[in-house]
Amino acid sequence: MIKESLQTAINEQIVREMYSSNLYLSMAAYYASINLNGFANWMRIQAEEEMIHALKFFDYVLDRGGKVNIGMITATPSVWAGYIQPFADALEHEQKITAWINDIADIAHTEKDYATMSFLNWFIDEQVEEEKTTGEILDRLRLAGDSKSSLFLLDNELKARKIEVATKAE
Ligand code: FEO
């Protein structure tokens, strides 16, 4: 049985992952509205991955005999000041997600819940990837500056992204 403190923290994280999914879906809609369809594709897949993250936490609470409690998901922004801004916001958001996952790991450590510590390792590794990938795209967008050809090249590259993660932690 999972400890109350961890159950509460993970339930909060489920809501954050669902918010992340909505945030990236909203960014996908924004990019589609300005015909940057590669960026829209990348964000849409990111949204799907975030829902999978939420489901991994959801399954874990149930697997440990806990109770899932899904709280309110606040509304996301829907407009951005230009095509670089969503990636700047996404990086900042991922840094917050990393900090929250570290906070849950701290609780698991304090509670000596080794199963949760092991479960969280997947997310700890995933956050390294998430920050790296988002940061790289942001850097490339900034480097492109006013060059439309660099922007369209990157947009074209991001069209190729496909969903990669499994629906359950292995
Ligand atoms: Fe599920 Fe992007 O953190």
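On a predicted model such as this, the values are computed, not experimentally measured, just so you know. Indexing begins at 1, ligand by ligand and atom by atom, following the structure's order. Reckoned from all heavy atoms, side chains included, excluding hydrogens, waters and symmetry mates.
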Subject >> atom 2 (Fe) of ligand 1 reached by Glu130 (N, O or S, under 2.8 Å) >> reply: yes
Subject >> Considering only N, O or S atoms of Glu17, the one closest to atom 1 (Fe) of ligand 1 >> reply: OE1
**OP:** Establish, yes or no, whether a centroid distance under 6.0 Å links the rings of Tyr30 and Tyr83.
**Re:** no
Original post:
Which class fits the ring pair Tyr19 and His93: parallel under 30°, tilted 30 to 60°, perpendicular over 60°?
Top reply: tilted
Original post:
Can you tell which of Lys56, Arg44, Arg161 makes a salt bridge (charged side-chain N to carboxylate O under 4.0 Å, His left out) with Glu49?
Top reply: Arg161
Subject >> Whether Glu94 has an N, O or S atom under 2.8 Å from atom 1 (Fe) of ligand 1 >> reply: no
**OP:** Measure from atom 1 (Fe) of ligand 1 to every N/O/S atom of His53 and report the name of the nearest one.
**Re:** ND1
**OP:** Could you check whether the rings of Phe39 and Phe87 sit parallel, tilted or perpendicular, using 30° and 60° as the cut-offs?
**Re:** perpendicular
Subject >> Contact flag Glu50/atom 1 (Fe) of ligand 1, N/O/S atoms, threshold under 2.8 Å >> reply: yes
Subject >> Salt-bridge present (Glu136, Lys132; N to O < 4.0 Å) >> reply: yes
